[in-house]
Amino acid sequence: MPEQRIVLRNCGVIDPKDISTYLSQGGFKALEKALGELAPEQVIEEIKKSGLLGRGGAGFPTGLKWQFASEASGEEKYVICNADEGEVGTFKDRYILERDPFSLIEAMAIAGYAIGANKGYIYLRAEYHHLLGLLEGAIVQCEGKGFLAKQGNFKFDIEIREGAGAYVCGEETALMDSIEGKRGEARYKPPFPPSQGLWQKPTIINNVETLMNIPPIILKGSDWFNRIGTERSKGTKVFSVSGDVRAPGTYELVMGSSLKELVEDLALAEKVKMVQVGGASGRVIPYHLIDTPLAFEGVLGAGAIIVFNESRDVIDIVRRTMEFFAEESCGKCTPCREGTQVMLEILTRFCHGQGLKQDIENLESLANVMMLTSLCGLGQAAPNSVVDTLAHYRSAYESRVQG
Amino acid sequence: MNDAPRGIEVMHKGEGSLLTLLKEAQRRHGYLPEEVVSELAESLDIPVGEVYGVASFYSLLSTKPLGKNVIRICKCVPCYLKNSQAILETVEGELGIKPGETTKDGKCSLQLTNCIGACDRAPAMTINHKLYVDLTPRKVIKILKRL
Amino acid sequence: MLPLFGGDENLSVDMIPVTLNGTKVSAQPGMTILELARENGVDIPTLCYRPELTPIGACRICVVEVEGSRTLVASCHTPVAANMVIHTHSPKVLEARKVIVELLLASHPDVCLVCDKANTCELRKIAADLGVGLPRFRVKKRYHPLEDVSPYVVRDLDKCILCRRCLRACHEIKKADVFAIAYRGFDSKVVVDQDQPLNKSVCRDCDVCISLCPVGALTKREERFKEKKGPPLFIKA
């Protein structure tokens, strides 16, 4: 069976407004175990051994990130949960937060204990303001039960910070600037957040889904987690499926499941032309590659799956994708600020059948430079859909070249 | 290091960061009037330009007056595939305004937004902070009538 | 995150061995790639970088190739690390710099012949060095009304390349904070207060921003349309 519920274990099972239903499902047993039986280094070791990689798209080893932050010098450290799910086609974190906010809080507390932080922030995108009350209620209940209160050296406080509408704030350094109250512009790296992050203090930033994996790993052990998935991709992945499918929604599959299983067997897509895996910044997979495994070895991204049927116009989709990046570019670095605009200009002309012969070559060289030189992941990933469609659907471009 | 961290001490220790305060001000005034931006800058001891820079960066903050109800229709690809265009046209027709405009009576502003994370129930829109999903032109007309 | 850059090796005062364009050189800990290159007589073009200002890594013209890195890295803010192998003028790097200059020129007004910056324009000089003529790309131009209300500074923001030198100079050197950056993406703009034309009493005739503007966006009122003496432009081999 490709489906397995680790991240979504409590979704639909517990009442997100009532902590007692969470406790009856073994809630806070992982934090109890960590505090009672494991030293912070042992928690980090366990996460490292589990092979858990970040689920926000970049796939950095979570345990290693924690280790860097734990080893960084400084009294004050921070844990940030990235709930700024802005990627086009992604809603899995919303699904999780709506149904199981307690696991996230427990995971952040474990992370705090592991790296020696007593302050955590949930950076919630403003578009999810409707979840704010639920999240605040969950934090209050956890505090009320004393789970975040002082136990030995441990004490943890969680604050929610809301965004104000900026996709780029999902990028970790822009996110930190936004929490600091500034424009959400990317910072250059190094220094990396685990050594100098929020307010220049050691900080770990983990995606909602990444954190959801922490309690089960602590409870069941890294060996258990390590047996699930593929060589490099351990555990499961949660996908948000939308577009031309009969059953859009949130699915959790074991890493390495095929795109075909997800799109055709579960989401009931028919006459598929292509799939955008990872949303606007993701890869475009044509139907003949639909057996590609969903794993870090194959394609993954943050798990947004947008399905397009045979009636869709490739260039129209790519132009809309580029319009998104042009609007969401923070504007700090040249390749992203100017490059997305130039690409949008070219793609708009192609949509009107007014491409020029040299445009295709220009798109390729511009895409290459944007990927190589942009300051942050936004500009580096913005040309992905252009690159992939030029590789797989070149004739769609060529047929719109004038003369 | 990076862009000089101006006014950080104020923001760090205060309950609210500048961004939080701007959002609060917008909640109170409906948008961010020039005087409010200036006052905020003065009270936090941050240059006015910097406050304006933050206010103009985020798409949900506005330095121009907005209607009582701000309708944001998602224009990203998943909603587009589910014919968000028809939703937009319906709202435009009902209210007689285009994206970026506000009705004369100040009741509604219409905007287009990027992905709001409701793609499984596309097309979607928000009115102020409330989310509306699985929209059809008929449903939209009903929703607008209730405003 | 590259573990290469982590750790505490910078605490040591020992010199760091680095390979720069095929030559083994040694670097001081904490030094950036750009500083190392300049110390060794290697010329890397820069626009947003100025030695007297904090780097921001915005223009990306100073990118170089570091072996093992997925992307090119901006030399102005990337510290050297032990055993780095750096190429400052590989074909990949030169192509990237060319495209970046072309992007800046694409939205730049075509008024070089009548521009006050004339031959002293840094953007033109870099374009000439890289052999960039007409940019390959077409994009809309920016339009901002000329700001000439200030008795000292005339701002022509159509020419601004958003390097933010003026902003940093005013903040870091003069502590005057006259400028800020507003809006986002292509619409980003260096503004005064709430996007008002520059005419502030705090802005005097210090000239710091004007002297640091790489292009013709900022000019001194009394020197407009006067002859400028700059070195002649010529293309490097």
Side-chain angles (χ1 to χ4, degrees), chain A residues 85-95 125-130 132 161-167 169 173 177-185 187-188 191 196 199-200 240-244 248-250 276 279-280 304 306-309 312 316-317 320-321 323-324 327-328 330-332, chain B residues 1-3 5-24 26-27 44 46 50-62 72 74-82 111-122 124 126 128-131 133-134:
Chain A
E85 182 178 54
E87 187 58 61
V88 177
T90 322
F91 46 83
K92 58 163 180 94
D93 293 344
R94 185 207 78 212
Y95 183 93
R125 68 182 305 213
E127 291 81 352
Y128 288 174
H129 182 79
H130 49 93
L132 183 66
R161 283 293 172 96
E162 275 191 287
Y167 166 75
C169 290
T173 61
D177 269 22
S178 184
I179 291 185
E180 291 178 11
K182 299 189 273 188
R183 295 162 58 80
E185 289 183 348
R187 305 177 185 174
Y188 59 74
Q196 283 178 50
W199 290 299
Q200 311 297 330
S240 321
V241 186
S242 66
D244 295 322
T250 308
Q276 211 172 9
I306 310 173
V307 181
F308 303 91
N309 67 27
R312 304 298 179 181
D316 178 38
I317 301 301
R320 286 170 187 278
T321 300
E323 184 182 81
F324 171 79
E327 287 173 5
E328 297 295 343
C330 82
K332 187 171 180 179
Chain B
M1 186 81 18
N2 281 289
D3 295 43
R6 271 170 270 182
I8 271 186
E9 298 77 5
V10 188
M11 293 185 239
H12 187 7
K13 298 300 169 202
E15 297 68 58
S17 68
L18 171 57
L19 181 56
T20 313
L21 295 172
L22 282 168
K23 292 184 72 170
E24 180 52 39
Q26 172 149 328
R27 221 174 344 256
L44 290 172
I46 307 173
E50 195 165 321
V51 178
Y52 186 77
V54 175
S56 63
F57 182 86
Y58 294 95
S59 62
L60 296 187
L61 296 177
S62 176
R72 292 190 173 90
C74 179
K75 69 177 180 72
C76 270
V77 166
C79 280
Y80 166 70
L81 296 178
K82 299 290 172 189
Q111 295 181 348
L112 291 174
T113 174
N114 278 327
C115 191
I116 50 177
C119 331
D120 49 340
R121 307 192 62 187
T126 57
N128 299 330
H129 279 300
K130 198 165 157 40
L131 178 67
V133 295
D134 297 323

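Quick caveat: nothing in here was measured; it's all calculated off a predicted structure. We name chains A, B, ... by the order of the sequence lines, and we start the count at 1 in each one.
Using a 3.5 Å distance cut-off with no hydrogens or angles, the side chains of A/Tyr167 and A/Glu87 do pair a donor with an acceptor.
For chain B, no part of A/Ser240 is nearby; none of its heavy atoms comes within less than 4.5 Å. Looking at A/Phe308, the atoms closer than 4.5 Å to chain B (heavy atoms on both sides) all sit in the side chain, from C-beta outward. Only the side chain of B/Leu131 comes within less than 4.5 Å of a heavy atom of chain A; its backbone N, CA, C and O stay farther away. Contacts of A/Ile306 with chain B are made by side-chain atoms alone, with heavy-atom separations under 4.5 Å and no backbone atom involved. When heavy atoms are compared at a cutoff of 4.5 Å, A/Tyr95 does not approach chain B at all. Looking at A/Cys330, both its backbone and its side chain come within 4.5 Å of chain B, counting heavy atoms on both sides. Heavy-atom distances place the side chain of A/Asp316, and not its backbone, under 4.5 Å from chain B. Heavy atoms closer than 4.5 Å to chain A are found in both the backbone and the side chain of B/Ala118. For A/Ser178, the parts lying under 4.5 angstrom from a heavy atom of chain B are both the backbone and the side chain.
A salt bridge does not link A/Arg161 with A/Glu180: none of the charged nitrogens is closer than 4.0 Å to a carboxylate oxygen. In this structure, A/Arg94 pairs ionically with B/Asp120, as a charged nitrogen and a carboxylate oxygen lie closer than 4.0 Å.
Atom CG of A/Asp177 sits about 9.0 Å away from atom CZ of B/Phe57, to the nearest 0.5 Å. Put simply, CD1 on A/Ile179 and SG on A/Cys169 are 9.5 Å apart, with the number rounded to the nearest 0.5 Å. Going from atom CG of A/Asn309 over to atom CG of B/Leu81 covers 8.0 Å, rounded to the nearest 0.5 Å.
Between chain B and the residues A/Glu162, A/Arg320, A/Glu323, the largest count of heavy-atom pairs under 4.5 Å involves A/Arg320. In terms of heavy-atom pairs under 4.5 angstrom with chain B, the leader among A/Glu85, A/Arg183, A/Arg125 is A/Arg183. Contact tally against chain B (heavy-atom pairs below 4.5 Å) for A/Gly163, A/Gly86, A/Ala164: the top residue is A/Ala164.
Panel note: side chain A/Glu127, backbone B/Thr126; no donor-acceptor pair is recorded below 3.5 Å. Without hydrogens or angle criteria, A/Ser242 side chain to B/Cys119 main chain gives no donor-acceptor distance under 3.5 Å.
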